[in-house]
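Some notes on the structure that comes next.
The basis for the numbers below is simple: all heavy atoms, side chains too, and nothing from hydrogens, waters or symmetry mates. For this chain, numbers begin at 1 and follow the sequence in order.
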Amino acid sequence: QIDYLGRQYPTLPATEGGLKRKVKPLVYLGEQEMAAYCTLNGIPYILDECPLARGAKSLFYKDVLNQIEGRSRGTKLAFLKGFYHQRERFRLPEERVVLHPCERCQYPTTAGICAVCRLKARMSGEVVPFLEVEDE
C-alpha cells in the first residue's frame, strides 16, 4: 500500500484543492497512554475492537507488535520514528497522490466518500459504493 504509506506523517500540508493542513499531535502515544489521556481529560473512549475487523491481518500484526513491545520496551516507538525518518522512500510523485475532500465530511480521501463515511453508511444499512474521484 505504497500510496497509503506515502501519506502517513504527523503533519500533512494544506493542498490547493482547499484541504486544510492536518496535524496529529498525539501520534506518538500508544493505546495505554491514549487511554490515560482520555481518562484524565474526561474523554469517553471504547476499549472494544471494531467488530468489522474480525479476521483482519492488522489485528495479527498488532498482536505481534505488542508481543515484541512486551519483551523489548520502546520497539514500537522506535519503529514508528524509523518509518517517519525513512518515509521519503514511500513518497510518490505528487501527481499520483491526489486527495479530495470527502463528499460528506470534507476529510481528505482518494475516493468520493472517505472510508469512515462509507463505514458509517454501511452500519446504518445504506449501500455506498467505493467511487474513485476523477482527476480534473
Side-chain angles (χ1 to χ4, degrees):
Q1 298 182 359
I2 297 296
D3 289 350
Y4 174 80
L5 291 173
R7 293 189 305 272
Q8 301 310 303
Y9 201 65
T11 59
L12 299 174
T15 66
E16 288 184 29
L19 297 176
K20 303 292 183 203
R21 180 175 184 237
K22 182 178 178 182
V23 178
K24 306 174 202 175
L26 306 177
V27 70
Y28 292 113
L29 294 184
E31 286 182 83
Q32 291 177 341
E33 294 90 354
M34 189 64 74
Y37 177 85
C38 290
T39 299
L40 291 172
N41 289 284
I43 301 169
Y45 61 95
I46 299 171
L47 292 172
D48 301 331
E49 295 286 345
C50 174
L52 298 176
R54 285 192 190 105
K57 288 181 186 177
S58 59
L59 295 180
F60 170 75
Y61 299 144
K62 179 180 173 181
D63 184 51
V64 169
L65 285 171
N66 284 336
Q67 288 180 37
I68 294 170
E69 179 72 15
R71 294 183 183 172
S72 181
R73 294 280 178 220
T75 300
K76 290 196 311 187
L77 182 59
F79 177 84
L80 182 61
K81 287 182 175 182
F83 170 76
Y84 288 150
H85 182 73
Q86 295 289 322
R87 80 185 186 103
E88 290 302 318
R89 300 170 83 187
F90 299 102
R91 291 192 68 108
L92 299 173
E94 292 302 319
E95 63 272 6
R96 283 195 52 202
V97 179
V98 179
L99 297 177
H100 306 275
C102 169
E103 295 171 9
R104 296 183 176 194
C105 70
Q106 304 306 303
Y107 190 81
T109 181
T110 56
I113 299 174
C114 74
V116 172
C117 289
R118 284 195 313 273
L119 179 60
K120 286 179 180 178
R122 184 173 153 195
M123 291 175 70
S124 68
E126 182 183 350
V127 177
V128 179
F130 179 84
L131 300 174
E132 291 292 332
V133 173
E134 298 284 329
D135 291 337
E136 298 166 10

Once you round to the nearest 0.5 Å, how far does CG of Leu65 lie from CZ of Phe60?
9.5 Å

Would the distance check show the side chain of Asp63 and the main-chain N or O of Leu59 forming a donor-acceptor pair, the cut-off being under 3.5 Å?
no

Ala35: what forms a side chain to side chain contact (heavy atoms under 4.5 Å, CB included) with it, not counting sequence neighbours?
Tyr45

Taking Arg104 first and then Glu126, would you say they form a salt bridge - that is, a charged N and a carboxylate O separated by under 4.0 Å?
yes

Lys76 NZ: over 12 foreign heavy atoms closer than 6.0 Å
yes

In the hydrophobic clustering that connects Ile, Leu, Val, Met, Phe, Trp and Tyr at side-chain heavy-atom distances below 4.5 Å, which members other than Leu26 occupy its cluster, ordered by chain and number?
Leu29, Met34, Tyr37, Ile43

Nearest heavy-atom pair of Lys81 and Tyr28: which atoms, and what distance?
CG-CE2, 3.8 Å

Hydrophobic cluster membership, Phe79 vs Ile68, 4.5 Å side-chain cutoff:
no

Residues clustered with Ile46, ILVMFWY side-chain links under 4.5 angstrom:
none

Holding to side-chain hydrogen bond (donor to acceptor under 3.5 Å, both in side chains), I want the full list of residues that pass it with Glu69, two or more places apart in sequence or in another chain.
none

With sequence neighbours excluded, tell me which residues meet side-chain hydrogen bond (donor to acceptor under 3.5 Å, both in side chains) with Thr75.
Ser72

Does some side-chain heavy atom of Glu31 sit less than 4.5 Å from a side-chain heavy atom of Lys62?
yes

Does Gly30 offer a backbone N or O that forms a donor-acceptor pair with the side chain of Glu33 under 3.5 Å?
yes

Between Cys102 and Cys114, which heavy-atom pair has the shortest distance, and what is it?
SG-N, 3.3 Å

For the pair Arg21 (side chain) and Thr11 (backbone), establish whether a donor and an acceptor sit closer than 3.5 Å, ignoring hydrogens and angles.
no

Taking the hydrophobic residues Ile, Leu, Val, Met, Phe, Trp and Tyr, and joining any pair whose side-chain heavy atoms are under 4.5 Å apart, which ones share a cluster with Leu40?
none

Nearest 0.5 Å, please: how far is CG in Leu80 from NE2 in His85?
13.5 Å

Flag the pair Pro10 / Tyr84 as yes when at least one side-chain heavy-atom distance between them is below 4.5 Å, and no otherwise.
yes

